[in-house]
**Student:** 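Sending over a structure as structure tokens; questions will come in a sec.
Bear in mind that the values here come from a model prediction, so they are computed numbers and not experimental data.
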2 protein chains.
Amino acid sequence: MEDDVDRLIAAWEHERPDVDVSPMHVLSRVTRLALHLDRARKEAFADHDLEPSEFDVLSALRRSGDPYQLSPGQLVHETLVTSGTMTNRVDRLVRKGLVERLPDPDDRRGVQVRLTPTGRAAVDGALDALLAHEKQLLAGLGEREAGDLAASLRTLSRPFDR
Amino acid sequence: MEDDVDRLIAAWEHERPDVDVSPMHVLSRVTRLALHLDRARKEAFADHDLEPSEFDVLSALRRSGDPYQLSPGQLVHETLVTSGTMTNRVDRLVRKGLVERLPDPDDRRGVQVRLTPTGRAAVDGALDALLAHEKQLLAGLGEREAGDLAASLRTLSRPFDR
DNA sequence: CCCCACAATCTCGATGTCAAGAATCTTGAC
DNA sequence: GTCAAGATTCTTGACATCGAGATTGTGGGG
């Protein structure tokens, strides 16, 4: 039942017996798992011609509800990237015809990014594929265990939520 | 006790009541937490003039034990990046004087990357700073809860560990 | 009414990563 | 021995991201 992180920690304990590396049991696993999850998402989206980073933008628009439009600033806040990155992502999605840029009627500095019908179909399809895959990954955990896991992760995330 | 992910999920349930988005309770939190952790690591390393990606390489060498040297291929395997990325990282660390490239005596194609004394001091100092910071983050969790969390994460990671 | 601090978005340059392929060397089958 | 197949490392080109600053517009105090 030993995994890569257990080996990594054992090596540290041998080389640096003076420090307590036990936080790695949790935090190293979070980091490594996230890396693997991102790659898995990439595969799950491949059939839909979407990158995970593109899905992040589309999904923020989709779950905001009708009329499926947000400002670039709101998208930046939702997706945890910088404004320069968001400009680039929106450009790409516009080229693909999945979103469109509209002038903000109330603020001439502003812009609204809106999901096109094609974009909405893409994100809905990709979501189904993603969840099907994620359900597989979680199959090894009982309902109780998954709930406890989520609760602990929420506790850990709290210092970062704003 | 509601967090960003709870809001995100509630929005999905409103917009896509036909699908079960509960896997996000776990997996979205893992992804978002990893993002925050990477930024926190960046801050923790700033005093030591190291990027998280550089620390990853140095720490792999450090915990491999005396004589603190590995081949680029072994480093690729340890750090979950591609060979092109590793060439680039090693170049940077050589420029900083933290590692050196030596010819492999047994295989003339091969190279060994070895930690310099400066590099060893850097990685040891950075590790102390990192663990001090990580300990803070985990302070909100009891010992029991942290153990359960690590165990669940290990279960989730299993499909990816080769 | 004007001005200035602030806000929203985009531009630009630097950098890190990946993917694919080139260059070099090793190994085992014959 | 020789050669083909594989292993190892590096190179190259494309691209996404970040961070800082430029651009344009807003809104309240004098």
**Student:** How many Å lie between CG on Leu93(B) and C1' on dC10(D), as a whole number?
**Tutor:** 16 Å
**Student:** Run the salt bridge (charged side-chain N to carboxylate O under 4.0 Å, His left out) test on Arg16(A) and Asp128(B) for me, step by step, so that the C-alpha distance in whole Å, both residues' side-chain angles and the decisive distance to 0.1 Å come before the verdict.
**Tutor:** CA-CA 10 Å; Arg16(A) 291 291 308 271; Asp128(B) 292 339; 3.0 Å; yes
**Student:** Treating primed atoms plus P, OP1 and OP2 as sugar-phosphate and everything else as base, which nucleotides of nucleotides 6-19 of chain C get B, S or - for protein heavy atoms under 4.0 Å?
**Tutor:** -B-SBB----SBBB
**Student:** Can you tell me the base-pairing partner of dA22(D)? Count Watson-Crick or G-U wobble geometry only, both distances below 3.5 Å, and say none if there is no partner.
**Tutor:** dT9(C)
**Student:** Please determine whether a side-chain nitrogen of the Lys or Arg among Asp104(A) and Arg108(A) lies less than 4.0 Å from a carboxylate oxygen of the Asp or Glu.
**Tutor:** no
**Student:** Take atom CG of Leu75(B) and atom P of dT8(D), then tell me their distance rounded to the nearest Å.
**Tutor:** 13 Å
**Student:** Sequence neighbours excluded, which residues qualify as side-chain hydrogen bond (donor to acceptor under 3.5 Å, both in side chains) partners of Arg32(B)?
**Tutor:** none
**Student:** Between Arg63(A) and Glu15(B), what is the shortest heavy-atom contact and its length?
**Tutor:** O-CG, 3.6 Å
**Student:** Regarding Asp148(B) and Arg144(B), does a basic nitrogen lie under 4.0 Å from an acidic carboxylate oxygen?
**Tutor:** yes
**Student:** Answer yes if the side chains of Ser71(B) and Gln112(B) hold a donor-acceptor pair under 3.5 Å, and no otherwise.
**Tutor:** no
**Student:** Using whole Å, what does the distance between atom C1' of nucleotide dT9(D) and atom CG of Leu70(B) come to?
**Tutor:** 15 Å
